[in-house]
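Have a look at the structure that comes next, please.
Keep in mind that the numbers below use all heavy atoms, side chains included, and drop hydrogens, waters and symmetry copies.
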Amino acid sequence: MPIELNETLVVGISATALFDLSESAEIFKQKSKLDPDSAIDEYRKHMLEREDEPLEDGTGMSLVRSLLNLNDHLDKGDSTPIVEVVVISRNSPETGFRVLKEIRRRNLPITRSAFIAGEKSSIYLDAFYVDLFLTTNEEDAQDVIDSKVCASALVKAPPKNAKPLDEQQVRFAFDADAVLFNETSELVNQTEGLEKFWSNEDENQDIPLPDGPYANLLKKLSKVQERLPGRIEYSPVKLAVMTARNSPAEMRVIKTLRAWDVYIDQAFFLGGLQKSRFLKAFKPHIFFDDQDSHLDPAAIDIPCAKVLYPSNSPLNKLIEDRVNKSKESKSKKESV
């Protein structure tokens with residue numbers, strides 16, 4: 001009888017998000033600019049020659065180890081894992097052999113993988129029951145977001161000042177608008193200003209915010225909390241919302257999470273304060289946000305991942321217009 005993973009939190013992760021393969025990726029990138037065909041041969045040669053060399057941790061490694069440790073809480077007789085991690089790599093099986101050897105060298109309990117030789121990862125995520133896909137490939141991350149098959153994020157480089165994290169817990173930190181919730185309220189903020197945003201959220205505080213790209217993931221994590229022993233307040237899965245919202249826009253967030261029947265351990269309504277200061281204290285295994293201005297300062301110390309907007313999102317046009325205006329302004333100043 002086929003195995004199903006509907007009750008399991010399934011995290012798909014690219015080889016480059018699990019391990020630091022930046023050197024290999026850079027070689028392929030540079031060679032591809034000159035000659036794509038020879039670049040494939042050079043990359044294959046590079047990977048084969050280094051098959052026995054250990055790989056360093058990628059941005060997602062600490063998260064993966066901590067998630068897999070949750071299976072230690074599985075009840076006797078329960079054969080359905082709490083968490084499953086699947087490696088989905090754009091390598092071919094041949095060039096991905098090094099990744100499989102590293103998984104075995106570290107004794108990571110990862111048993112499922114797919115090496116798809118450059119095809120889009122989104123094609124296979126539903127087949128693997130994936131709830132979250134982490135990658136370093138922007139094209140892949142965008143394709144998954146557009147397909148709406150699951151939550152997806154573009155991971156930042158491994159933190160330079162990373163400190164060891166408690167792997168007996170799993171700590172998630174989420175931005176609110178355009179991540180847990182959809183972009184409707186953020187569009188009000190961007191187009192009509194902060195005062196209008198505040199009044200809109202206060203007036204509509206009893207109307208739950210619409211689901212964003214990470215709503216289903218948060219709800220699945222809540223189900224994971226329920227499967228773990230003990231009171232939910234003591235669960236090893238810790239969930240935090242880290243948002244630039246403040247009063248009077250905070251009530252709608254809390255009431256929405258209540259409507260979703262989701263337990264959040266901590267919520268930070270920062271009103272413009274730098275998120276990185278609070279993230280450094282919270283020590284999440286990963287932080288999801290849609291804006292580089294929040295992610296880049298935090299990524300120095302903690303694992304971070306960017307949630308891309310759907311390709312048809314009006315926010316993309318707003319950002320593009322803002323960038324163009326900035327360039328025009330700079331050009332005018334230089335010409336004076």
Side-chain angles (χ1 to χ4, degrees), residues 3-20 54-88 99-113 128-135 150-151 153 155 158-159 162-174 214 217-240 262-266 279-288 301-305:
I3 295 172
E4 293 187 357
L5 297 172
N6 292 311
E7 301 302 315
T8 299
L9 173 70
V10 182
V11 175
I13 188 166
S14 71
T16 52
L18 185 61
F19 300 114
D20 186 356
L55 290 166
E56 296 296 322
D57 287 358
T59 305
M61 177 58 75
S62 184
L63 173 68
V64 163
R65 280 198 298 249
S66 298
L67 283 169
L68 290 170
N69 284 340
L70 293 178
N71 288 324
D72 293 342
H73 298 282
L74 201 62
D75 290 335
K76 288 183 179 179
D78 188 350
S79 60
T80 304
I82 295 171
V83 175
E84 176 89 6
V85 173
V86 182
V87 173
I88 301 174
V99 172
L100 294 176
K101 288 191 73 171
E102 184 65 16
I103 288 171
R104 290 199 177 194
R105 188 184 73 81
R106 293 172 178 243
N107 293 316
L108 291 171
I110 297 173
T111 61
R112 293 184 173 88
S113 57
F128 274 118
Y129 297 87
V130 172
D131 299 296
L132 169 66
F133 180 60
L134 300 174
T135 180
C150 67
V155 299
K163 301 289 192 301
L165 297 171
D166 181 359
E167 293 184 358
Q168 297 310 307
Q169 289 188 344
V170 189
R171 300 171 76 86
F172 288 87
F174 300 93
Y214 274 61
L217 175 63
L218 187 69
K219 294 171 187 178
K220 191 67 173 280
L221 286 168
S222 181
K223 295 296 183 184
V224 169
Q225 286 179 324
E226 292 175 7
R227 286 190 66 187
L228 295 168
R231 290 180 60 89
I232 196 168
E233 290 86 355
Y234 306 137
S235 172
V237 176
K238 301 296 182 185
L239 307 176
V262 168
Y263 178 84
I264 290 288
D265 296 273
Q266 300 182 30
L279 290 162
K280 193 173 179 180
F282 179 66
K283 298 182 178 66
H285 291 80
I286 196 158
F287 168 53
F288 297 104
D301 298 293
I302 64 164
C304 289

Open item on the list: What's the separation between atom CZ in Arg171 and atom CD1 in Ile302, rounded to the nearest 0.5 Å?
Closed with: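 If I round to the nearest 0.5 Å, the distance is 11.0 Å.
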
Anything under 3.5 Å between a donor and an acceptor, one on a side chain of residues 228-235, the other on a protein residue two or more places apart or in another chain? List them.
residue, atom, partner, partner atom, Å
Arg231, NE, Glu233, OE1, 3.2
Arg231, NH2, Glu233, OE1, 3.3
Arg231, NH2, Glu233, OE2, 3.2
Ser235, OG, Val237, N, 3.0

- [ ] Could you check if a side-chain atom of Gln225 sits within less than 4.5 angstrom of a side-chain atom of Leu239, using non-hydrogen atoms only?
- [x]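 A side-chain contact exists here, since the closest heavy-atom pair is under 4.5 Å.
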
- [ ] Using a 4.5 Å cut-off on heavy atoms from C-beta on, say whether the side chain of Glu167 contacts that of Ser62.
- [x]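 Result yes, sub-4.5 Å side-chain heavy-atom pair found.
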
Open item on the list: Once rounded to the nearest 0.5 Å, what's the spacing between atom CD of Gln169 and atom NZ of Lys283?
Closed with: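 Spacing of CD (Gln169) from NZ (Lys283) equals 11.0 Å.
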
Open item on the list: Nearest 0.5 angstrom please: Arg65 CZ to Leu165 CG, how far?
Closed with: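 Reported to 0.5 Å precision, the distance equals 9.5 Å.
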
Task: Considering all heavy atoms, the nearest Asp20-Asp57 contact - done: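 Looking at all heavy atoms of both residues, the closest pair is CB-O, 3.5 Å.
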
Open item on the list: Using a 6.0 Å cut-off, check whether atom NZ of Lys223 has over 12 heavy atoms from anything other than its own residue.
Closed with: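 No, NZ of Lys223 has 12 or fewer neighbouring heavy atoms, counting only those of other groups under 6.0 Å.
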
- [ ] State, to 0.1 Å, how close Leu55 and Arg105 come at their nearest heavy-atom pair, and which atoms those are.
- [x]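 Between these two residues, the closest heavy atoms are O-NH2, 4.4 Å.
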
- [ ] Kindly compute the distance separating CG (Leu67) from CZ (Phe172), expressed to the nearest 0.5 Å.
- [x]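 Answer rounded to 0.5 Å: 4.5 Å.
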
Task: Stepwise side-chain contact (heavy atoms from CB on, under 4.5 Å) check, Leu217 with Leu9 - done: CA-CA 9 Å; Leu217 175 63; Leu9 173 70; 3.8 Å; yes

- [ ] Check whether any side-chain heavy atom of Leu68 lies under 4.5 Å from a side-chain heavy atom of Val85, and answer yes or no.
- [x]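 Yes; the side chains approach each other to less than 4.5 Å.
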
Task: Gap between atom NE2 of His285 and atom NZ of Lys238 - 0.5 Å precision - done: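 Those atoms lie 12.5 Å apart.
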
Task: Residue list, side-chain contact (heavy atoms from CB on, under 4.5 Å) with Thr8, at least two apart or on another chain - done: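 side-chain contact (heavy atoms from CB on, under 4.5 Å) check on Thr8 returns Leu5, Val10, Thr80, Pro81, Glu84, Arg227.
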
TODO: Indicate the ring-plane relationship of Phe288 and Tyr214, choosing parallel, tilted or perpendicular according to the 30° and 60° boundaries.
DONE: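 Phe288 vs Tyr214 ring planes: tilted.
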
Open item on the list: What I'd like to find out is whether the side chain of Pro236 reaches to under 4.5 Å of the side chain of His73, using heavy atoms alone.
Closed with: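 Result yes, sub-4.5 Å side-chain heavy-atom pair found.
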
Open item on the list: Quick check: do Val170 and Leu63 have side-chain heavy atoms less than 4.5 Å from each other?
Closed with: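 Sidechains of Leu63 and Val170: in contact.
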
- [ ] Starting at CD1 of Ile286, measure out to OG1 of Thr59 and round the result to the nearest 0.5 Å.
- [x]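 It is 8.0 Å, given to the nearest 0.5 Å.
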
- [ ] Give a yes or no on this: more than 12 heavy atoms of other residues, nucleotides or ligands lie within 6.0 Å of atom NZ of Lys280.
- [x]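 No, not enclosed.
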
Open item on the list: To check you understand the geometry: which heavy-atom pair defines the closest contact between Ser66 and Asp166, and what is its length?
Closed with: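 Heavy atoms of Ser66 and Asp166 come nearest at OG-O, 4.1 Å.
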
TODO: Could you pull out the closest heavy-atom pair between Ser113 and Phe128, with the gap in Å?
DONE: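 Between these two residues, the closest heavy atoms are O-CZ, 4.1 Å.
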
Task: Whether over 12 other heavy atoms sit under 6.0 Å from Gln266 CD - done: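 It does: Gln266 CD has more than 12 such atoms within range.
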
Task: Test item: Asp265 side-chain N/O and Ala240 main-chain N/O as donor-acceptor pair under 3.5 Å - done: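 Absent.
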
Open item on the list: Looking at every non-hydrogen atom in both residues, tell me the closest pair between Ser14 and Phe133 and how far apart they are.
Closed with: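 In terms of heavy atoms, the two residues are closest at N-CE1, 4.1 Å.
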
Task: Side chain to side chain, Val155 and Pro303, heavy atoms closer than 4.5 Å - done: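 SC-SC contact between Val155 and Pro303 ruled out.
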
